[in-house]
Each structure stands twice: as structure tokens, then as C-alpha cells.
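To find a chain, count down the sequence lines: A is the first, B the second, and so on, and within it residues start at 1. These numbers come from the heavy atoms of this one structure, side chains and all, not from hydrogens, waters or symmetry mates.
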Amino acid sequence: IFDHGLCDSKTEVMEKWVAEFFLRRQQNPRVYGSPLLSALTPVDSDDCVKLKITAVLRDISNSLIRGTVDEGMLDILEILEKLMLQERSVIMGSLKSAYCWTAAECTLRFMWPVTVSDGFFGDALERIWKKRIGMLKGRESDLVSHELLKWESDLNEAFEEPEIYRKIRETNIRYNAISHLSQLVKEQWALLGCSSLESEARKRLLKRKDSRNRGNGFGRAGDNIDNIGVRREGRNGSSRENDNDVEEVGGVEKHDGADKVNEQEQEHEPSLNKGDITVARELKDFLLEIQRLIDASTRQGQEPDDAMEQSNDVTPQHDEANRTEAEDSEGTSSSRRVRPHLPTPEPLNVSPLKKVRLERPRPRRPMKFWTPEEVAALREGVKEFGKSWKDVKNSNPVVLADRSEVDLKDKWRNLFGR
DNA sequence: ATAGGGATATGC
DNA sequence: GCATATCCCTAT
């Protein structure tokens with residue numbers, strides 16, 4: 001930072017980088033995007049939009065981890081849409097679908113009573129579909145998709161027709177909402193690419209390499225460098241969820257064997273490699289230390305520490321790694337790494353010698369003939385999605401509520417097959 | 001997840 | 001008994 005003469009705004013830059021670091025850490029569902037951002041000094045530059053998107057994605061991920069899909073999620077999705085508009089990028093299909101199914105799920109929550117009149121379904125329709133989505137329509141938002149309009153009409157119908165109400169009530173909307181949201185998050189993380197810290201590290205690494213090469217008389221063309229940087233950013237960014245950033249800085253050179261241009265050069269410069277890894281490791285230790293402090297101050301009165309450690313981190317490997325490194329940085333200054341101890345896995349019972357059926361065969365589901373309406377829905381669906389029965393069912397979940405994907409396939413077979 | 005074979009229900 | 005529709009099981 002100092003080298004780049006950014007002293008004036010150095011706090012801001014630092015804050016942004018640290019914020020970005022925390023927001024991108026997957027194993028940390030205790031960091032909340034919007035509060036973290038609002039705690040920072042307000043800056044409104046272009047890269048700030050990127051940071052805001054990162055914060056929004058963190059919030060969505062957190063909600064998904066907790067398993068909550070509520071109207072707060074709709075708020076977040078609307079914010080994401082606005083941010084995308086600011087970035088002048090297109091509103092993607094995944095965002096539209098996610099919004100649509102989330103809205104449906106939010107309405108479904110109020111359909112727990114058996115009949116319409118007993119509950120708050122009417123209120124939900126009013127609040128979510130009339131007011132909220134009415135606003136979207138008002139500003140001609142791209143979030144208003146065909147899918148969304150279809151749901152709107154289906155739900156309005158359900159208000160009048162008890163039969164349709166029942167069918168929607170029994171549809172597993174939640175599953176669809178969650179998968180669309182996951183898909184959205186995945187796409188967006190990929191689109192964001194690598195973190196500021198990481199791209200800065202790459203820039204400086206390449207710069208150093210370049211100056212060395214010139215000294216050695218290799219003389220790689222200068223324009224090469226930018227190309228390499230850009231290309232890598234794209235590729236890495238799209239193939240990755242969000243990992244620990246610092247680790248990546250250290251690993252930039254290590255797990256990068258695919259890039260032929262650099263492969264040979266690396267072997268000639270082991271010292272550069274080593275230095276960078278050391279710096280990255282130190283930085284990581286510092287950040288872990290900071291995080292440990294934050295955790296200690298936010299976790300008061302929530303749960304006993306031990307339980308926290310185990311329940312919050314998703315994978316046991318990460319858990320172990322974090323703990324040992326944290327101990328290193330606070331305890332003795334030796335760089336000795338403690339081997340993780342993992343429990344011996346339970347042996348799986350996979351003997352193929354005998355396949356016994358423990359459960360008695362299930363009673364056959366009562367037969368129901370296909371109504372012309374259902375057949376029409378099936379035809380429409382196949383016209384649009386082909387033989388992707390999952391999509392066909394989703395294209396009209398209300399009419400096809402009583403039919404499984406296999407049923408659709410079977411019906412199509414006896415309509416046109418063989 | 002999907003395709004195909006097969007079992008069971010329905011209608012004549 | 002036969003044809004057709006629906007539902008179930010399982011290999012890919």
C-alpha cells in the first residue's frame with residue numbers, strides 16, 4: 001500500500017480489504033454483510049459496488065446455512081438487483097428464478113391452515129404480491145419474470161379455489177427456492193472473481209518477476225503481463241467458491257502448474273516463491289488472531305466455547321487446521337505444526353453377499369386417471385423443456401402437483417411412445 | 001435423473 | 001382374456 005502512494009486513503013483501502021477477507025470466508029457464518037459494511041467509512045467508488053455485492057452474497061449464504069428463506073431474503077435479492085443495475089450488468093436468470101421461488105416460499109409459509117379463511121394467506125398475498133411485487137412492476141424491474149407472473153396468478157386463484165390452495169400447499173416450494181438461491185450464490189461468487197488482496201498480490205508478483213526477467217536478459221514483453229493477469233483472474237475466479245484469501249496468495253505459484261508460460265520460470269526462482277509464502281503465512285496468522293478476538297467478543301452468552309468451535313465450522317479438516325494455527329500464533333513462536341487427529345471412520349456395511357429387503361413393499365398409490373388439464377400442462381412443459389421432467393413439473397407445479405417426474409415420463413410414453 | 005421393463009388396475 | 005392406463009422397480 002505504501003509503495004503505491006495510497007497513504008491518504010490507506011485506512012479505507014485496508015478496511016475494504018479486511019472486510020472483503022471476512023466476507024469471503026465460508027466458514028464464518030457469524031459475519032453479517034450489511035452491518036459490517038455500514039460500520040465502515042462510507043465511500044462510493046466503483047469497486048465499492050463489488051464489495052457491496054460481496055456483502056449481499058455473504059448475507060444470502062448465511063441465510064441458506066441457517067436454512068431461513070423469509071421476506072428478509074426478498075429484501076436482500078432486491079438490493080442485489082439494484083447493485084447489479086449500478087454495475088450496468090444484466091439481471092441473470094438465476095436471480096429472477098431465485099426471487100420468484102423465494103416469493104412463493106414466503107407466501108407458502110402462511111398456508112399452514114387447511115383452509116384459506118383460517119390464516120394469514122390473504123395478508124401475505126396483499127403484502128408480498130400486491131405491495132412488494134407491485135413496486136417492482138412500478139419501476140419495471142427485470143425481476144418480474146413470466147415465472148413470477150404465473151405464480152402470482154396461481155396464488156390469486158388459490159385464494160378463490162380450495163382445491164388449488166390444497167395443491168400449492170402440498171408442493172415442495174422450499175426445496176426449489178433453496179436450490180435456486182444456491183445456484184445464484186454460486187454464479188455470483190464466480191462472477192466476482194478473485195479478491196482485491198489476491199489480485200494485488202498477483203500484480204506485484206508479476207511486476208517483480210518482470211523486472212527480474214529483464215535483469216536476466218529474458219526480456220518478456222511487457223504486454224504479456226497484463227494478459228496473463230487477466231486470463232488467470234477469469235479462470236480462477238470462475239472455478240472457485242470463496243476460500244481463504246490469504247491462503248491463495250501463498251498458493252498463487254504453487255497450484256498453478258497449468259500455466260505453461262510460468263512453469264519453467266518458477267524452477268529458476270525458488271527464493272521468490274518461498275518469501276511470498278512466508279509473508280502470506282504471517283498475514284494469515286495475523287488475520288486469524290484478529291478473527292479470534294472478534295469471535296471472543298461476539299460470542300458472549302451464546303454458547304459454551306467448546307460447542308462453538310465444533311458446531312460452526314463445516315468440515316473437520318478446516319476446524320483442525322484453524323485451531324492448530326491459532327495456537328501457534330499465540331503460543332510458542334516455533335513454526336512446528338501439530339498433526340491433526342481425526343477419529344477413525346466407522347466401517348461401512350457394504351457386504352454385497354446378501355441383499356435383504358428389510359421393509360415390506362409399500363402399498364400401491366391409488367390410481368388416478370390423467371385429467372385433460374394435466375395432459376395439456378404436460379404438453380406445454382415438454383414443448384418448452386423437452387424430456388427434462390423435473391423442469392416440466394416445475395413449469396406448472398400447481399396442475400402437476402399430484403404427478404411425480406416418473407409419472408410424467410410414463411404418461412408421455414403412453415401418449416406418444418413406441 | 002431418466003429410460004425401460006414389469007406389475008397391477010381398469011374397461012370391455 | 002385382452003388392451004390400455006397407471007404405477008413401481010432398477011440399471012444406467
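- Rounded to whole Å, the distance from NZ on A:Lys411 to P on C:dC7 is 9 Å.
- Residue-to-nucleotide contacts include no donor-acceptor pair under 3.5 Å from the side chain of A:Arg365 to the base of C:dT6.
- A:Lys390 comes within contact range of the sugar-phosphate backbone alone, with a heavy-atom separation under 4.0 Å but no base atom that close.
- Comparing A:Asp391 and A:Asp410, the nucleotide of DNA chain B nearest to each residue sits closer to the 5' end for A:Asp391.
- With rounding to whole Å, A:Leu378 atom CG is found 14 Å from C:dT6 atom C1'.
- Taking the side chain of A:Lys409 as heavy atoms from C-beta on, and the options B:dG5, C:dC7, C:dA5, the nearest nucleotide is B:dG5.
- Using a 4.0 Å cut-off between charged nitrogen and carboxylate oxygen, A:Glu105 and A:Arg174 count as a salt-bridge pair.
- Contact between the side-chain N/O atoms of A:Trp412 and the OP1/OP2 oxygens of B:dA3 is not found at any separation under 4.0 Å.
- For the pair A:Arg403 and A:Trp389, the cation does not sit on the ring face, since its NZ or CZ is not both under 6.0 Å from the ring centre and inside 45° of the axis.
- Side-chain N/O atoms of A:Arg413 include none lying less than 4.0 angstrom from OP1 or OP2 on B:dG5.
- No side-chain heavy atom of A:Val398 sits under 4.5 Å from any side-chain heavy atom of A:Thr171.
- Atom-to-atom, CZ of A:Phe369 to C1' of C:dA3 comes out at 13 Å; the value is rounded to the nearest Å.
- Atom CE in A:Met367 sits roughly 10 Å away from atom P in C:dA5 (whole-Å rounding).
- Exactly one of A:Arg127, A:Arg109, A:Lys131 qualifies for a salt bridge (Lys or Arg N to Asp or Glu O under 4.0 Å) with A:Glu71. That residue is A:Arg127.
- At a threshold of 4.0 angstrom between heavy atoms, the contacts of A:Ser388 are confined to the sugar-phosphate backbone, with no base atom among them.
- Residue A:Lys368 contributes atom NZ, which lies 16 Å from atom C1' of B:dT10 at whole-angstrom precision.
- Between A:Asn414 atom CG and B:dT10 atom C1' the separation is 13 Å, expressed in whole Å.
- Atom CD in A:Glu405 sits about 17 Å away from atom C1' in C:dT10, given to the nearest Å.
- With rounding to whole Å, A:Asp407 atom CG is found 14 Å from B:dA3 atom P.
- Using a distance-only test at 3.5 Å, with no hydrogens or angles considered, no donor-acceptor pair links the side chain of A:Lys393 to the main chain of A:Ser404.
- Here A:Lys387 does not reach the OP1 or OP2 of B:dT2: none of its side-chain N or O atoms lies under 4.0 Å away.
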